[in-house]
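Okay, so here's the structure we're looking at.
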Amino acid sequence: QVQLVESGGGLVQAGGSLRLSCAASGRTFSPAAMGWFRQTPGKEREFVSVITWIAGSTSYAASVKGRFTTSRDRAKNTVYLQMRNLKPEDTAVYYCAEKGYSGKNDESNDYRYWGQGTQVTVPS
């Protein structure tokens, strides 16, 4: 069973930076991609970014493009989300997730394994 563990969340002032990490264990096969999603109370989980595991190709939601960068270290089975110029609207629980070779990269239902989430808070 694949386990994903996020870390690095916290409280940061607007304009600040945070780096989230997501470490995977228990894998038998490499994933097709690793995604980051976020969720606030009462709202659906929102796509943030995705990185393909082999090629390292990335894609971002329009709301974070130019501010967030996702990367991966295949040797460490870890994916990262570097967040810069954080805004109050970035406040959410951030989840990493693992995806196979089917489905859409920005569709949460197409991801098969999820971490427990890490809270990011940017006070207004």
Side-chain angles (χ1 to χ4, degrees):
Q1 180 75 2
V2 174
Q3 289 190 320
L4 304 175
V5 179
E6 299 102 335
S7 60
L11 187 148
V12 61
Q13 297 302 312
S17 299
L18 278 177
R19 188 176 84 153
L20 306 183
S21 299
C22 172
S25 62
R27 279 181 176 155
T28 302
F29 302 103
S30 294
M34 296 294 296
W36 286 96
F37 291 77
R38 64 188 183 185
Q39 190 170 26
T40 54
K43 293 189 176 181
E44 292 188 358
R45 202 162 286 188
E46 174 191 22
F47 169 76
V48 174
S49 69
V50 64
I51 184 166
T52 61
W53 194 248
I54 302 299
S57 300
T58 57
S59 181
Y60 299 91
S63 59
V64 307
K65 198 169 186 178
R67 299 188 298 122
F68 291 11
T69 303
T70 188
S71 60
R72 87 274 187 256
D73 185 328
R74 290 167 58 188
K76 294 183 178 179
N77 269 326
T78 300
V79 64
Y80 304 97
L81 184 67
Q82 177 69 54
M83 304 184 292
R84 298 181 177 88
N85 190 21
L86 282 159
K87 304 176 181 180
E89 51 264 42
D90 294 319
T91 295
V93 177
Y94 283 71
Y95 299 89
C96 69
E98 177 177 304
K99 183 181 171 297
Y101 288 89
S102 61
K104 298 175 64 176
N105 285 343
D106 61 351
E107 176 53 60
S108 60
N109 289 334
D110 290 332
Y111 285 74
R112 57 192 180 188
Y113 298 113
W114 290 82
Q116 82 287 352
T118 186
Q119 177 72 46
V120 172
T121 302
V122 187
S124 56

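A quick note: this is a predicted structure, and the numbers were derived from the prediction, not measured.
Taking hydrophobic clusters as Ile, Leu, Val, Met, Phe, Trp and Tyr residues chained together by side-chain heavy-atom distances below 4.5 Å, Val12 shares a cluster with Tyr94. Under a hydrophobic clustering in which Ile, Leu, Val, Met, Phe, Trp and Tyr are joined whenever their side-chain heavy atoms come within less than 4.5 Å, directly or via other members, Tyr113 and Tyr95 fall into different clusters. Placement of Leu20 and Val122 within a single hydrophobic cluster is found when ILVMFWY residues are connected by side-chain heavy-atom separations under 4.5 Å, directly or transitively. Under the 4.5 Å side-chain heavy-atom criterion for grouping Ile, Leu, Val, Met, Phe, Trp and Tyr, Val93 is connected to Phe47 within one hydrophobic cluster. Linking ILVMFWY side-chain heavy atoms closer than 4.5 Å, directly or via other members, places Trp36 and Leu4 in a single hydrophobic cluster.
Atom CD of Gln3 is surrounded by 12 or fewer heavy atoms from other residues, nucleotides or ligands within 6.0 Å. For CZ of Phe29, the number of neighbouring non-hydrogen atoms (other residues, nucleotides, ligands) closer than 6.0 Å is 12 at most.
The distance from atom OG of Ser71 to atom CE of Met34, rounded to the nearest 0.5 Å, is 11.5 Å. Interatomic distance, Tyr111 OH to Asp106 CG, rounded to the nearest 0.5 Å: 7.5 Å. Considering OG of Ser25 and CD of Gln1, their distance stands at 10.0 Å, rounded to 0.5 Å. To the nearest 0.5 Å, atom OG of residue Ser59 and atom NZ of residue Lys65 are 7.0 Å apart. Separating the CZ atom in Arg67 from the CG atom in Leu86 is a distance of 6.5 Å, to the nearest 0.5 Å. Taken from CZ in Arg19 to CZ in Arg84, the straight-line distance is 10.0 Å, to the nearest 0.5 Å.
Shown here for Pro31 and Arg112, the closest heavy-atom pair between the two residues is CA-NH2, 3.8 Å. Between Val48 and Val64, the shortest heavy-atom contact is O-CG2, 3.6 Å. In plain terms, the two heavy atoms of Glu46 and Ser63 that are nearest each other are OE2-OG, 3.9 Å. Nearest heavy atoms, Arg72 versus Thr52: NE-O, 3.6 Å. Pairing each heavy atom of Tyr60 with each of Thr69, the nearest pair is OH-CA, 3.4 Å. Listed here is the closest heavy atom pair of Ala14 and Pro88: CB-CD, 4.3 Å.
For the pair Val79 and Thr70, the minimum side-chain heavy-atom distance is below 4.5 Å. Between Val120 and Met83 there is a side-chain heavy-atom pair separated by less than 4.5 Å.
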Next on the checklist: Is there a side-chain contact (heavy atoms from CB on, under 4.5 Å) between Asn77 and Trp53? Walk through the geometry before answering.
Outcome noted: CA-CA 10 Å; Asn77 269 326; Trp53 194 248; 3.6 Å; yes
Next on the checklist: Pair Thr91, Arg38 - check side-chain contact (heavy atoms from CB on, under 4.5 Å), show working.
Outcome noted: CA-CA 9 Å; Thr91 295; Arg38 64 188 183 185; over 6 Å; no
Item to check | From CA spacing to verdict: side-chain contact (heavy atoms from CB on, under 4.5 Å), Trp114, Arg45 | outcome: CA-CA 12 Å; Trp114 290 82; Arg45 202 162 286 188; 3.1 Å; yes
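Put simply, the side chain of Ser21 never gets that close to the backbone of Tyr80: no donor and acceptor are under 3.5 Å apart. Side-chain atoms of Glu6 do not come within 3.5 Å of backbone N or O of Cys22 as any donor-acceptor pair. Side chain of Thr78 to main chain of Lys76: a donor-acceptor pair is present (N/O by atom type, distance under 3.5 Å, no hydrogens or angles).
None of Leu81, Thr58, Asn85, Leu18 except one satisfies the side chain to side chain contact (heavy atoms under 4.5 Å, CB included) rule with Phe68; the exception is Leu81.
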